[in-house]
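Scroll down for the structure; my scribbles are underneath it.
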Amino acid sequence: MKYNQYAYVQTQYEEQVKELTAINFLPKNFQNWSFSDLLAKLVKMSIAEAKSDEAKEAKLNEFAVSETQTFADFLKQKPEEIGTNQFYNVALQLLGYHVHYDYQLSDPTGFMQKQALPIVQDIDSISKLVTAFYRLLNTRAKNGQLLIDVMAGRGYFTQFWGQNKFMYFNGKSLSVFNTDKVIREVVYVETDLDTDRDGKSDLIQVTIFRPNESNGGLKVPALYTASPYFGGIIENEKRNHNVDENLSDATEWQDPKYEATPTVEANKPGSEDHVATEEAVHKSSYPLNEYLLARGFASVFAGGIGTRGSDGLRITGAPEETESAKEVIEWLHGDRIAYTDRTKKHEIKASWCNGNIGMTGRSYLGTLQIAVATTGVAGLKTVVSEAAISSWYDYYREHGLVIAPEACQGEDLDLLAETCQSNLWDAGSYLKIKPKYDAMQKHLLSREDRTTGQYSDFWEARNYRHNADGIKCSWISVHGLNDWNVKPKNVYKIWQLVKKMPMKHHLFLHQGPHYNMNNFVSIDFTDLMNLWFCHELLGIENNAYKQWSTVMIQDNLHADTWHEEDDWSNEIGQAATYYPTDDGELHKNGNGKEKKSFVDVGGKDFKEAKISESEWQYKFICGDEKWAKRSLRFVTDEFIHPVTIVGRPEVKIRVSGSLPKGQLSVALVELGDRKRLTPTPKFLMRGGQELGYRFGTDTLQEFVPDKLTHAKLITKAHMNLQNYKDMKKPRKIEAGQFVDLDFKLQPTYYQLPIGAKVALIIYSTDEGMTKRPLEEETYTVDLAGTEIKFYQK
C-alpha cells in the first residue's frame, strides 16, 4: 500500500540545515563532526522516547543495518559512508516498521518503493547524510504520520515549551506548544437575533481551546468549528416521519414562504477586556483541530442558536443560523461584543487572536462553513468544508420529490432541528423555550412540505449557492463520491461557482460515504492542511498554493491511487450517448422502438422481506429476480478499454404512469464479478496517531480490496413526473399521459475496468430514499424517447 505524500515541499540544502539546526536536531558545528559520529548522533536524536544519551546509546543495539550486523556494531567500524540498504534498514525501523513482518533486511529499498517512501541514494558525505535525515523526518511512518510528528508524540518538542513562538519545519507548524496547559474557556457572544422572541438579543455560548502561550502575548489564529452537535443531541429513535404513504398531487403545492424571526441589535464592543470566568466542560470533537491546537492554532467551537448554553431556537438551514455562526467570527476578529457569562456585566475580547480565522468540520459543520463564507465576513481567511450541504433542498428533496439522506428514511429538516435543540436539556431553559420550540416545530413541519416535495421560497432561503458571489476567503471542499447522505451534487454545484472565482480553491474527492479523510494511508491530508493553514492564517510562504493539484480524486479501483485534475465537470470528458434497445441492451447506435412496462408496488415487498435498505439496494442492483422485476434494465457490452465516467450523467425518458402522479428513479450500475474496495475505510492502526504529546489520538485507515461482489452503484437520481416541464413548478398530468423527463444524475468520477458492463436501471420506488407508496402503479417507458448521456475519459 502506498503512503502517498503530497505535502512535502522541495527544500534547498541550506534551508534544510537551517531548519534541522533550529529544532536542535543537527549540531551547529556538524561540519566538524566525523561521518560516523554524526550518523550516530542523528539516529539518537530520532529516538525521542529515550531521554538521556545513555538510553539512546543502548537503543542503537536494537537496530540492524543488514542480516548479519547491528547498527551499533556498524558504528564501531567508524564508517565514512553508509550504503543505501544499510541506511534504510535503520530508517524503516525508525519509521515503525518491523523486520520479517513488514519487510526483509535483504531488500529494504524494494519495500520502500512499494510503499512510495522516498529514498536518498549513495549517502557518502556529510551533506548527503544531512539531506537523508531531513527527508526522513519528512517521511510518513507506518502509522501514517511524518516521523517528525511521531517524535512530537514521544515528547521531542517539549524542550521548546514556554518559548512563546511558532516553529516551522518544511513549511508546517511544529508541536512546540504545551498541551499540558491548554486554556479551556467559555464566552458568550451577543447576536443581533431574537429567535425566541423575548425582546432580547440571543446569546451564543462559545468554547475555546487555545495554547497557554497565547496568554503571554503570542497572537494565534483560530480554527472555528460551527457545530450544532457540540452541546449534545436529542435522540428520539421513533421520531421519523412515515414514508409508507401514497404520492400526492403535487399541484396542491402552496409555495410556502420563509419568514424571518425578529432582530434586536447587540451592544457595540467597548474598551473592557476581562478574563474568562467559565471553564469549558465540553471536549473538542474534531481530530484535525486537536492536531493543530498542539501546533499553535486555537480551536473554537460554537453550537449556535438553540444549542446548550445558548439562547434561541434551531431553524435548520435558515439565514438566522448563518448569522449566528458568522457573529462568532465577528467577535474573534474584534468586531462584536462578548461577555464572560450570561449576566452580560463583563465584556471579554479575543485579544489572543491574530484576527485570522479558518473554519473546519464535516457534514452540518461543513455546511455552516459554506453558509458563513457566502457572507464575506471580515477575518474569515479560509474554509475546509467536508461533506457539506450547499442547498438544503438538495439534501432533503430532489426534482420535486421527498428524498431521504441515506440511512435516514423519514428524517427531515424539522427533525434535525429537534436533534440539535440541546438547550432543552437545561431545566431553566426548558421552561422558557419549550412552548416556543413546539411552535417552531409546527412551523417547520408545515413549511418543509413533505406532502409534495416541491421547491419553494422556504427552500430558496436555504440555498447558499445564490449568495456565492459574497465569498472572499480561500476554499477547500472535501466530499465522498459515495456519500448518499449529503449527495455529491451539493459539492459539485458549489464547485462550479467557486472554481470561477479569483480566490485560491481546491477540491478533494475520496471514495468513502459520509466520512472524514484526515487519516488515510493514501494521502497526507493532515500535513496538507497544516501547510495550508500556515499559509492562510500565519502568512508563511511555503508553496501551499502550488503544492498540489486543484482537484484530487481518489481512484475506485486501486486503494493507493489519486488522480490529479484541473477540474471536476462534464468538460473534462467527452459526451457519449447510449440508447436502450428492444432486447434489453444499451448501445450507442439508435433507440429501440417498443414501449416497455413494469409494475411498481411501493414498499409492499420491502416491508414483507424485513431486510435493510442497504441489503435491498445490493440485491436490486445485482438483478435479484424478486426485486429486478419492478424495473427495466438495459446493459452495455463489456468495455474493451478502461473508461472513466466524469461529471453528471443526463437521462431523457419518455414515460407514462397508470395514475395521474408518479415518481421515477434511474440508476447507473457497474456489473461484473470482482473484488472491489471496502465501502468504508478499514481501521489499520486504531489510536496509532498521536495528535500531540499525550494529547489524544487518531486512527490510521484506508479503503482496501474486499470480498467479491457482483455489482456497484455508480450514481442515481429521482424525479416527480409532474415536474416534467419545470423543476420548480408542478403540472397536472392524466393517467396514461406520456411525459418527457429530462434530468441529471448525481455527479461522479468512476473508473470502469476492462470487462465491465454498465446497466441503466429504470424503476420507481427507491426503498432507501423515496416515499414507498401503498398503491401499485404501472409505468410504461417509450424506448424511442429514452437515452442516457454520460461524459467519459
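Because only heavy atoms are used, hydrogens play no part in the values below, and waters and symmetry mates are left out as well, while side chains stay in.
- Panel note: side chain His514, backbone Glu406; no donor-acceptor pair is recorded below 3.5 Å.
- For the pair Asn490 and Ala388, the tightest heavy-atom approach, listed with the atom from each and the gap, is CB-O, 3.4 Å.
- Side-chain atoms of Leu700 and Val521, non-hydrogen and from C-beta on, do get closer than 4.5 Å to each other.
- In this structure, Asp560 does not pair ionically with Lys2, as no charged nitrogen and carboxylate oxygen lie closer than 4.0 Å.
- Cation-pi geometry between Lys716 and Trp484 is met: the NZ or CZ atom falls under 6.0 Å from the ring centre, inside 45° of the normal.
- Residue Asp726 qualifies as enclosed at atom CG: its count of foreign heavy atoms under 6.0 Å is above 12.
- For the residue pair Gln369 and Tyr464, no side-chain donor N or O sits within less than 3.5 Å of a side-chain acceptor on the partner.
- With hydrogens and angles disregarded, no donor-acceptor distance shorter than 3.5 Å links the side chain of Thr699 to the backbone of Phe683.
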Pair Lys712-Glu670, salt bridge (Lys or Arg N to Asp or Glu O under 4.0 Å): steps then yes or no: CA-CA 5 Å; Lys712 174 74 168 65; Glu670 180 216 337; over 6 Å; no
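- At least one donor-acceptor pair closer than 3.5 Å links the side chain of Trp253 to the backbone N or O of Tyr455.
- Between the side chain of Asn240 and the backbone N or O of Gln409, at least one donor-acceptor pair lies under 3.5 Å.
- Counting non-hydrogen atoms of neighbouring residues, nucleotides and ligands closer than 6.0 angstrom, the CD atom of Glu608 exceeds 12 such neighbours.
- Surrounding NZ of Lys725 are at most 12 heavy atoms belonging to other residues, nucleotides or ligands under 6.0 Å away.
- Taking the six-membered ring wherever Trp is involved, the centroid distance between the rings of Trp495 and Tyr492 does not fall below 6.0 Å.
- Heavy-atom minimum distance, Arg648 versus Asn570: N-OD1, 2.8 Å.
- Atom CZ of Phe634 and atom CD of Glu787 lie 13.5 Å apart (nearest 0.5 Å).
- A salt bridge links Lys732 with Asp249: the closest approach of a Lys/Arg side-chain nitrogen to an acidic carboxylate oxygen falls below 4.0 angstrom.
- Here the CZ-CZ distance, from Phe738 to Arg654, works out to 8.5 Å after rounding to the nearest 0.5 Å.
- Checking side-chain atoms of Trp475 against main-chain N and O of Val384 turns up no donor-acceptor pair under 3.5 Å.
- Of the N and O atoms on the side chains of Ser569 and Glu571, at least one donor lies less than 3.5 Å from an acceptor on the other residue.
- Salt-bridge formation is detected for the pair Asp394/Arg465: a Lys NZ or Arg NE/NH1/NH2 atom is positioned less than 4.0 Å from an Asp or Glu carboxylate oxygen.
- Enclosure of atom NZ in Lys499 by more than 12 non-hydrogen atoms of other residues, nucleotides or ligands within 6.0 angstrom is indicated.
- Side-chain polar atoms of Ser522 and Glu702 form a donor-acceptor pair below 3.5 angstrom.
- Between the side chains of Tyr749 and Gln554, no donor-acceptor pair of N or O atoms lies under 3.5 Å.
- The ring of Tyr578 has its center closer than 6.0 angstrom to the ring center of Phe790.
- At least one side-chain heavy atom of Thr770 sits under 4.5 Å from a side-chain heavy atom of Ile403.
- Side-chain contact annotation: Asp524 with Gln5, donor-acceptor N/O pair under 3.5 Å absent.
- The OG1 atom of Thr644 lies 9.0 Å from the CD atom of Gln792; values are rounded to the nearest 0.5 Å.
- With rounding to the nearest 0.5 Å, the separation of CG in Leu413 from CD in Glu418 is 12.5 Å.
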Candidate pair Ser631 and Arg633, rule side-chain contact (heavy atoms from CB on, under 4.5 Å), full reasoning: CA-CA 6 Å; Ser631 64; Arg633 299 166 64 92; 3.9 Å; yes
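- Residues Glu448 and Tyr396 form no side-chain contact, since every pair of their non-hydrogen atoms from C-beta on lies 4.5 Å or further apart.
- Taking CD1 from Ile714 and CD1 from Ile645, the interatomic distance works out to 4.0 Å, rounded to the nearest 0.5 Å.
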Stepwise side-chain contact (heavy atoms from CB on, under 4.5 Å) test for Asn246 and Leu774: CA-CA 6 Å; Asn246 292 330; Leu774 306 174; 3.5 Å; yes
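- Between His563 and Leu509, every side-chain heavy-atom pair lies at or beyond the 4.5 Å cut-off.
- Dense packing is recorded around CD of Glu585, with more than 12 heavy atoms of other residues, nucleotides or ligands lying under 6.0 Å away.
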Test side-chain contact (heavy atoms from CB on, under 4.5 Å) applied to Arg450 and Asn242, step by step: CA-CA 10 Å; Arg450 287 189 62 83; Asn242 178 38; over 6 Å; no
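- By the 6.0 Å contact criterion, NZ on Lys596 is enclosed, its count of non-hydrogen atoms from other residues, nucleotides or ligands being greater than 12.
- The pair Asp412-Arg397 counts as a salt bridge, with a side-chain nitrogen and a carboxylate oxygen less than 4.0 angstrom apart.
- Taken from CD in Gln746 to NZ in Lys489, the straight-line distance is 5.5 Å, to the nearest 0.5 Å.
- In this structure, Phe525 and Phe520 have side chains that are not in contact, with every pair of non-hydrogen atoms separated by 4.5 Å or more.
- The pair Lys619-Glu767 does not count as a salt bridge, with every side-chain nitrogen at least 4.0 angstrom from each carboxylate oxygen.
- Remark: the Arg239 side chain and the Thr419 side chain contain an N/O donor-acceptor pair separated by less than 3.5 Å.
- Side-chain contact between Asp414 and His241: present, with at least one pair of heavy atoms (C-beta onward) separated by less than 4.5 Å.
- No more than 12 heavy atoms of other residues, nucleotides or ligands shown are found within 6.0 angstrom of NZ on Lys682.
- Of the possible polar contacts, none joining the Arg362 side chain to the Gly366 backbone as a donor-acceptor pair under 3.5 Å is found.
- Arg140 places a side-chain N or O within donor-acceptor distance of the main-chain N or O of Asn4, the cut-off being under 3.5 Å.
- Here the options are Asn556, Leu713, Asp555, the test is side chain to side chain contact (heavy atoms under 4.5 Å, CB included), and the partner is Tyr750; only Asn556 passes.
- No side-chain donor-acceptor contact under 3.5 Å links Asp706 to the backbone of Arg676.
- Listed for the His505 side chain is no donor-acceptor partner under 3.5 Å among the backbone atoms of Thr550.
- Put simply, the side chain of Gln663 reaches to within 4.5 Å of the side chain of Thr765, judged on heavy atoms.
- Considering Phe598, Tyr779, Phe620 in turn, Phe620 is the only one that fulfils the ring-ring contact (aromatic ring centres under 6.0 Å, His included) rule with Tyr763.
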Working for side-chain contact (heavy atoms from CB on, under 4.5 Å), residues Asn723 and Gln454: CA-CA 9 Å; Asn723 289 91; Gln454 294 295 307; 2.8 Å; yes
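- The aromatic ring centres of Tyr364 and Trp392 sit less than 6.0 Å apart.
- Side-chain contact between Tyr393 and Arg462 is absent, with no heavy atoms from C-beta onward closer than 4.5 Å.
- Using modelled atom types, one finds a donor on one side chain and an acceptor on the other under 3.5 Å when comparing His466 with Asn463.
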Stepwise salt bridge (Lys or Arg N to Asp or Glu O under 4.0 Å) check, Asp600 with Arg630: CA-CA 6 Å; Asp600 179 73; Arg630 311 301 185 197; over 6 Å; no
